[in-house]
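Submitted below is the structure of interest, expressed as structure tokens.
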There are 4 protein chains.
Amino acid sequence: MADLFHSSKPIYEQIAELIKKQIIRGELHAGDKLPSVREMAIEVNVNPNTVQRTYRELESMEIARSKRGQGTFVTEDTEVLAAIREEMKAEILQNFTQQMYEMGYSKEEIKRGLADFLKERED
Amino acid sequence: MADLFHSSKPIYEQIAELIKKQIIRGELHAGDKLPSVREMAIEVNVNPNTVQRTYRELESMEIARSKRGQGTFVTEDTEVLAAIREEMKAEILQNFTQQMYEMGYSKEEIKRGLADFLKERED
Amino acid sequence: MADLFHSSKPIYEQIAELIKKQIIRGELHAGDKLPSVREMAIEVNVNPNTVQRTYRELESMEIARSKRGQGTFVTEDTEVLAAIREEMKAEILQNFTQQMYEMGYSKEEIKRGLADFLKERED
Amino acid sequence: MADLFHSSKPIYEQIAELIKKQIIRGELHAGDKLPSVREMAIEVNVNPNTVQRTYRELESMEIARSKRGQGTFVTEDTEVLAAIREEMKAEILQNFTQQMYEMGYSKEEIKRGLADFLKERED
DNA sequence: GTGGTCTAGACCACG
DNA sequence: GTGGTCTAGACCACC
């Protein structure tokens, strides 16, 4: 299997983002069991310790909960889950607009730039 | 002076982006002299080695050129400078749209999300 | 039923402590029958294996004894039972004072700290 | 060197508590540099990764801050540092009194028990 | 030299 | 079989 990950960010973070996006897209729901550390490690072709670290990270964000001997589960707290979507969206937008501002674009130019970009990519 | 930089990216890259954005915004022009390594180090409050690394990076991208005993200068090659703007813009847009797609948004939702975001921030 | 247990200590130990405290408080007496493994498992909402482990632990401390086909019983040996109280108390006190010493408190400060704490909690 | 650690708690947590207690006792101050990961690893006779984990943990509690290429430092935020002392004390007291209550002791008995215990240990 | 990530592999506690 | 800890050792990025 080819490498799924960029070298610019830690792999464990990229796996965490993968999972967060699955939750956001509704592919994972509150209370769902995540793949076991070992399964996930095979699936994404990394060392189990790396996945372990991802799960620990998700746990500290209260997105997941590990139960000894049972597995790791998406939190039951739907408020947290709802918040993730908005946080992530806001962060991406904030990041994007700030970079465009720093390049000297105005709001209108940013909107136009995006529209043009999306049009080019139409297929 | 407080820390200007995120810990997620190497500082030398963040400085390079700072300089590239100054060029793009027209605050730095072809042939302009960059601050000396030491000056820049003091200005942004980092180790001179870090600035050295930034300048090396800019040279390898052909954005800057160092002249022995004189300093480091923005390239005279205006084509390169013109290209930077478009490359950077395309990269930012590509990055942004991909992330939004991965969250499950459609083109229309992305545009609307951006418009809403920019409206909220109005002041 | 909600989780009764901390994740910091093994659940089987926490259950053992529960039972020891029931004995100490006089809610369980020498020779009393403990709930069956299954009953207890349901009562505290854990896996029967975990309760099994607790009972094994209590047996090895000679606090309980299992009789084949009949169940698990609090030991008849009242000396053992009497000893538990003092052991447990000494351990808790030892543990507490050591931690306070390590924080740099003197004996007097420990006593005062306790008195203040108990006063605050008055209701 | 003999082992400094109990097996009941993770070593990385025990190291964290060691450091927190040094701060509380005033042996470490705001802004002080902690030993490097490798130094500390030798000092307490564990693997550098274990110390790394401790420092990461302290960082997530905002007690320490790691700076790339420079080392790990006690936070400058004296409010956080002041809070640690009180939190830790409250946690120890809470823990202690709850255990004594569960054994069936009254407030007065707890205070007397402590006083007796401290007296026995006088030397 | 400093912290940070990752792998490989072992061992343990829990269910 | 599940997660959790720890070691050993390598490699990288940064200063």
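Order of the sequence lines fixes the chain letters, A, B, ..., with proteins taken first and strands second; residue numbering starts at 1 for each chain.
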Give a yes-or-no answer on whether the side chains of B/T75 and B/E62 include a donor-acceptor pair shorter than 3.5 Å. no
Can you work out whether A/T72 or D/V46 has the more 5'-proximal nearest nucleotide on DNA chain F? A/T72
Measure the distance from CZ on B/R56 to P on F/dA13 and round it to the nearest whole Å. 12 Å
Any non-hydrogen side-chain atom of C/L28 less than 4.5 Å from a side-chain atom of C/L34? yes
Side chains of C/N95 and C/E91: any donor to acceptor distance under 3.5 Å? no
If you assign C/E13 and A/N49 each to the DNA chain E nucleotide with the nearest heavy atom, which residue ends up on the more 5' nucleotide? A/N49
At under 4.0 Å between heavy atoms, what does A/R53 touch on the DNA or RNA strands: base, sugar-phosphate, or nothing? sugar-phosphate
Winner on side-chain proximity to A/Y55, out of F/dG3, E/dG3, E/dT7, is F/dG3
d(CD1, D/I11; P, F/dT5) in whole Å: 11 Å
Name the closest nucleotide to the D/Q52 side chain, picking from E/dT5, F/dC15, F/dG3. E/dT5
D/F5 atom CZ is separated from F/dC6 atom P, nearest whole Å, by 9 Å
D/M40 atom CE is separated from E/dT2 atom C1', nearest whole Å, by 15 Å
Please give, in whole Å, the distance from F/dG3 C1' to A/F73 CZ? 11 Å
If you define the side chain from C-beta out and look only at heavy atoms, does anything of B/Y55 sit under 4.5 Å from B/M40? yes
Side chain of A/R38, base of F/dG3: donor and acceptor closer than 3.5 Å? yes
In terms of side-chain heavy atoms of A/S36, which of E/dT2, F/dT2, F/dC6 is nearest? F/dT2
Take atom NZ of D/K67 and atom P of F/dA13, then tell me their distance rounded to the nearest Å. 23 Å
Nearest whole angstrom, please: distance from the C1' of F/dT5 to the CD of A/E59. 14 Å
Between A/E102 and the options B/K21, B/R25, B/K89, the salt bridge (charged side-chain N to carboxylate O under 4.0 Å, His left out) test singles out B/K21
Do A/N47 and E/dG9 share a donor-acceptor pair, side chain to base, under 3.5 Å? no
D/Y12 side-chain N/O to F/dT5 phosphate OP1/OP2 under 4.0 Å: yes
Using whole Å, report how far CD of A/E57 lies from P of E/dT5. 9 Å
N or O in side chain of B/T50 less than 4.0 angstrom from F/dC15 OP1/OP2: yes
